[in-house]
Q: 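Dropping the structure in here first, questions after.
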Number of protein chains: 2
Amino acid sequence: MDVLSYVLQLLLTVELSCKSEYALLALVELAVKHDAGEPLQIREIAANQNIPDRYLEQLLATLRRGGLLRSQRGAKGGYLLARDPWKITLLEIVSCIEGWDSGSMTENSTPKTVETAVVREVWQEARQASESVWQKYTLQDLCERRNAKRQLDIMYYI
Amino acid sequence: MDVLSYVLQLLLTVELSCKSEYALLALVELAVKHDAGEPLQIREIAANQNIPDRYLEQLLATLRRGGLLRSQRGAKGGYLLARDPWKITLLEIVSCIEGWDSGSMTENSTPKTVETAVVREVWQEARQASESVWQKYTLQDLCERRNAKRQLDIMYYI
DNA sequence: TTATACCCCAGTTCTACAGTGGGATTTTGG
DNA sequence: CCAAAATCCCACTGTAGAACTGGGGTATAA
């Protein structure tokens, strides 16, 4: 990233980090080409979405270890979705990248004071509210939205 | 914080940082004593909630600058709520501490690709989902929950 | 006037994020 | 068999923010 967009990213990064956005973008790219059955290379995805390729490499590796991607090594290799786009929720992606799921972290550290317990309850509720949004959309949904938007863009040109 | 609870905090810190939790705890403490009309000291709040007092000092200063607290300097001084507990939402507190509200940050940086635009839409939705949870509770609500929990604790003792 | 308590500013350590780089390994294709 | 293409793995850097810690200044009640 250059300096300017870096500053903009800083302003934006409140809950969702750059990592997760990169991962979502890459997976949409892969989902769009999923029917072809041919692997997509890091270089190509990175070029299309303006992501540093060496960085994207690590994110895709994480997604592969998380069981969301398959990889094919060697020449003509690349990455493929491990499942169909409608079987991958956005929560799975974000959780995998952000490292949320390792253990049931949401239940730890018994609160010392009554006040702490009460505050944590609300915090849990807020967390689940945002997670349920990520949960209700699949990669397929993102692709459909993308295609709808592209149609609009084309119509504006005419 | 000691090392052990520090590690536990790390596991917990997913959306809500330690800062916000400290701030919420302190404000509950202030809200409970709000009817008395007398200021509470940093030292006392910090002792009750196991917060390093020099750190809490900075957080309370931020809340004062954000218009949520009033302070009284000098001997017998301390902090008071600037408004009644039912007029302070938890979103105001968290936003003030986390520095969200400075400018309308949620709308920045026009996306370069269609994919980015689509991803940001969902991200916005998730963000608003969690914010609406923080929005719907006031300090008063936290106090009532706290009192209910304390009643329960007392009953267990008998 | 003195003790009390807020006020402001500055420095420290630790962590995660974002990005970069080198080289090993696997596969295709000539 | 060899070379190009691609993933894989490890390690490093720089920056920002979180979570403190400390020193001295200033207002106020008794």
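Sequence lines set the chain letters: A, B, ... in the order given, protein chains first and strands last, and positions in each chain run from 1.
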Q: Have a look at B/L27 and tell me which of B/L90, B/L81, B/L59, B/L142 forms a side chain to side chain contact (heavy atoms under 4.5 Å, CB included) with it.
A: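 Option passing the side chain to side chain contact (heavy atoms under 4.5 Å, CB included) with B/L27: B/L81.
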Q: Whole Å only: how far is the CD1 atom of A/I45 from the P atom of D/dA6?
A: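 From A/I45 CD1 to D/dA6 P: 12 Å.
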Q: How would you label the contact of A/I42 with the nucleic acid (heavy atoms, under 4.0 Å): base, sugar-phosphate, or nothing?
A: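 Since only primed, P, OP1 and OP2 atoms lie under 4.0 Å of A/I42, the category is sugar-phosphate.
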Q: If you check the A/R64 side chain, which of D/dC8, C/dC6, C/dA18 turns out closest?
A: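 Of D/dC8, C/dC6, C/dA18, D/dC8 is nearest to the side chain of A/R64.
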Q: With the threshold set at 4.0 Å, does a side-chain nitrogen-carboxylate oxygen contact exist between B/E38 and B/K33?
A: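 Here B/E38 does not pair with B/K33 in a salt bridge, since their nearest N and O are not under 4.0 Å apart.
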Q: Keeping the roles fixed (side chain from B/Q41, backbone from B/G77), state whether a donor-acceptor pair exists under 3.5 Å.
A: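 Yes, because the side chain of B/Q41 sits within donor-acceptor range (under 3.5 Å) of the backbone of B/G77.
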Q: Would a single hydrophobic cluster contain both B/L80 and B/L63, if residues Ile, Leu, Val, Met, Phe, Trp and Tyr are joined by side-chain heavy-atom contacts under 4.5 Å?
A: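 Hydrophobic grouping puts B/L63 apart from B/L80.
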Q: Please state how far atom CZ in B/R70 lies from atom P in C/dC6, giving the value in whole angstrom units.
A: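 Rounding to the nearest Å, CZ of B/R70 and P of C/dC6 are 14 Å apart.
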Q: D/dT7, C/dG19, D/dC20: which one has an atom nearest the side-chain heavy atoms of B/Q58?
A: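 The nucleotide sitting nearest to the side chain is D/dC20.
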Q: So how far off straight is the helix from C/dT1-D/dA30 to C/dG30-D/dC1, going by the axes through five pairs at either end, to 10°?
A: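 If I round to tens, the end axes sit 10° apart.
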Q: Working note: A/T113 + B/Q49, criterion side chain to side chain donor-acceptor pair (under 3.5 Å); need CA distance, chi angles, decisive distance, verdict.
A: CA-CA 7 Å; A/T113 68; B/Q49 300 296 332; 3.2 Å; yes
Q: Can you find a side-chain donor-acceptor pair between A/E98 and A/S20 that sits under 3.5 Å?
A: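 Yes, side-chain donor-acceptor contact under 3.5 Å.
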Q: Nearest-Å distance, CD1 (B/I51) to P (D/dA18)?
A: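 Going from B/I51 (CD1) to D/dA18 (P), I get 16 Å.
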Q: Identify the heavy atoms of A/T138 and A/P85 that sit nearest to each other, and give their distance.
A: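 Distance-wise, the nearest heavy atoms are CB-O, 3.6 Å.
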Q: From the set C/dG19, D/dT7, C/dC7, return the single nucleotide nearest to any side-chain atom of A/C18.
A: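 The closest nucleotide is C/dG19.
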Q: Using whole Å, what does the distance between atom C1' of nucleotide C/dC6 and atom CG of B/L30 come to?
A: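 In whole Å, C/dC6 C1' and B/L30 CG are 14 Å from each other.
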Q: Once you round it to whole Å, what is the distance between P of C/dA16 and CG of A/L59?
A: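 Rounded to whole Å, this separation is 16 Å.
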Q: Report yes if at least one side-chain N or O of A/S71 is closer than 4.0 Å to OP1 or OP2 of D/dA6; otherwise report no.
A: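 For D/dA6, neither OP1 nor OP2 has a side-chain N or O of A/S71 closer than 4.0 Å.
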Q: With a 4.0 Å cut-off on N to O distance, would you call A/E29 and A/R146 a salt bridge?
A: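 Here A/E29 does not pair with A/R146 in a salt bridge, since their nearest N and O are not under 4.0 Å apart.
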Q: Could you state the atom-to-atom distance from CD of A/E98 to C1' of C/dC17 in whole Å?
A: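 In whole Å, C/dC17 C1' lies 10 Å from A/E98 CD.
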Q: Find the distance A/Q41:CD to D/dT7:C1' and express it as a whole number of Å.
A: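 My rounded result for the distance is 10 Å.
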Q: Treating primed atoms plus P, OP1 and OP2 as sugar-phosphate and everything else as base, which nucleotides of nucleotides 22-30 of chain C get B, S or - for protein heavy atoms under 4.0 Å?
A: B--BBBSS-
Q: Tell me yes or no: between the side chains of A/Y137 and B/E125, is some donor less than 3.5 Å from an acceptor?
A: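 Looking only at side-chain atoms, B/E125 and A/Y137 do form a donor-acceptor pair, the distance falling under 3.5 Å.
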Q: With a non-hydrogen cut-off below 4.0 angstrom, is B/R65 in contact with a base, only sugar-phosphate, or nothing?
A: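 The answer is sugar-phosphate, as B/R65 gets under 4.0 Å only of primed atoms, P, OP1 or OP2.
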Q: Check the distance between C/dC7's C1' and B/R43's CZ and give it to me in whole angstrom.
A: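 In whole Å, C/dC7 C1' and B/R43 CZ are 16 Å from each other.
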Q: Check whether any side-chain nitrogen or oxygen of B/Y79 sits under 4.0 Å from OP1 or OP2 of C/dA5, and answer yes or no.
A: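 No, B/Y79 has no side-chain N/O under 4.0 Å of OP1/OP2 on C/dA5.
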Q: Mind checking the OG1-CZ spacing from B/T89 to B/R83? Nearest 0.5 Å is all I need.
A: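 Going from OG1 on B/T89 over to CZ on B/R83, the span is 8.0 Å.
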Q: Can you find a side chain N or O atom of B/Y22 that sits less than 4.0 Å from OP1 or OP2 on D/dA18?
A: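 Negative; the distance criterion is not met.
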